[in-house]
Amino acid sequence: MANAFLERLASGLLLADGAMGTELYADGIPFERNFDELNLTHPTVVQAVHRRYIAAGAELIETNTFGANPIRLAQAGLKAVRDINFRAVKLARDAREEMGEPTLIGAAIGPIGQELTPVGRITLDEARSAFSEQVLALLEAGPDVMILETFSDIRELREAILAVKQACDLPIMAQMTFTADGLTPSGDAPADVARTLEAFGVDVLGINC
């Protein structure tokens with residue numbers, strides 16, 4: 001079955017939304033709050049951000065789930081992984097329906113927030129398990145594309161990609177972040193990252209932050 005995101009991307013440039021966190025802060029949410037939890041505690045605020053982006057012409061909006069994996073949520077004392085992720089996609093879909101636009105929904109997945117072994121304590125298997133739990137929750141509400149963003153360790157991004165591929169056949173957008181010296185924080189050059197991500201079979205690759 002053809003995917004709406006890939007069909008739209010094949011036709012030309014696709015305009016996506018902007019940052020979620022800065023918009024929530026501008027709406028009065030303090031930085032010390034966990035922004036992912038707002039999907040449950042302040043859904044109207046999150047949905048208002050989506051509606052503003054759609055009104056501004058965004059053809060793709062991302063869910064408010066950048067840090068909604070179980071490891072990162074646990075650091076904030078939160079356990080509602082399924083509810084936070086499911087509700088996030090639902091809020092974006094409802095905003096699309098209310099605005100009456102064919103906006104695409106990208107399920108946002110960020111890093112787990114802790115370093116992997118041997119530097120840190122999180123193993124590759126634990127990272128993939130965490131990503132899998134988030135992916136399955138996001139899929140319940142039906143996004144159009146999975147967006148893996150702001151990764152600094154290609155090994156961690158690989159585990160996120162594999163978690164998505166094991167759960168579904170949705171398109172994958174994978175983005176690494178680079179420092180001022182032109183390398184990722186873990187020391188990989190852009191060309192090496194591009195070759196690696198292409199080998200992983202992602203549909204869109206890029207950089208952010």
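Because the structure is a prediction, the values reported are computed rather than measured. Side chains included, hydrogens not; waters and symmetry mates left out as well; all remaining heavy atoms used.
Of the possible donor and acceptor atoms, one in the side chain of N39 sits under 3.5 Å from a partner among the backbone N and O of N64. Judged by distance alone, the side chain of T117 and the main-chain N or O of G120 form no donor-acceptor pair under 3.5 Å. Of the possible polar contacts, one joining the T65 side chain to the A108 backbone as a donor-acceptor pair under 3.5 Å is found.
Under 4.0 Å is where a charged nitrogen must lie from a carboxylate oxygen, and between R96 and D144 at least one such pair does. The residues R87 and D94 are annotated as not salt-bridged, no charged nitrogen and carboxylate oxygen being separated by less than 4.0 angstrom. Look at R195 and D192 and you find a salt bridge, because one of the NZ, NE, NH1 or NH2 atoms lies within 4.0 Å of a carboxylate O, short of that distance. Looking at E140 and R82, a side-chain N of the basic residue comes within less than 4.0 Å of a carboxylate O on the acidic one, giving a salt bridge.
Looking at Q134 and N85, their side chains do bring a donor and an acceptor atom within 3.5 Å of each other. Under 3.5 Å, the side chains of D153 and S186 contain no donor-acceptor pair of N or O atoms.
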Using the side chain to side chain contact (heavy atoms under 4.5 Å, CB included) rule, take E7 and S11 through it: C-alpha gap first, then chi angles, then the decisive distance, then the call.
CA-CA 7 Å; E7 287 187 340; S11 68; over 6 Å; no
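Annotation: I207, atom CD1; neighbour count of heavy atoms from other residues, nucleotides and ligands within 6.0 Å does not exceed 12. Counting heavy atoms of neighbouring residues, nucleotides and ligands inside a 6.0 Å radius, atom CD of Q166 exceeds 12 of them. Heavy-atom neighbours of D181 CG from other residues, nucleotides or ligands within 6.0 Å: above the threshold of 12.
In this structure, R8 fails the cation-pi test against F5, since its NZ or CZ atom is not both closer than 6.0 Å to the six-membered ring centre and inside 45 degrees of the ring normal.
Cluster membership for L116 and F200, using ILVMFWY side-chain heavy atoms within less than 4.5 angstrom, is shared. Note: the hydrophobic cluster containing I112 also contains L138 (ILVMFWY, side chain heavy atoms under 4.5 Å, direct or indirect links). In the hydrophobic clustering of this structure, I161 groups with L139; members are Ile, Leu, Val, Met, Phe, Trp, Tyr whose side-chain heavy atoms approach within less than 4.5 Å, directly or through other members. By the rule that hydrophobic residues join a cluster once side-chain heavy atoms approach within less than 4.5 Å of another member, F86 and M146 end up as members of separate clusters.
Applying the side-chain contact (heavy atoms from CB on, under 4.5 Å) test between T150 and each of L157, N208, I109 identifies N208 as the sole match. Considering H50, R51, M99 as possible partners of I61, the one that fulfils the side-chain contact (heavy atoms from CB on, under 4.5 Å) test is H50.
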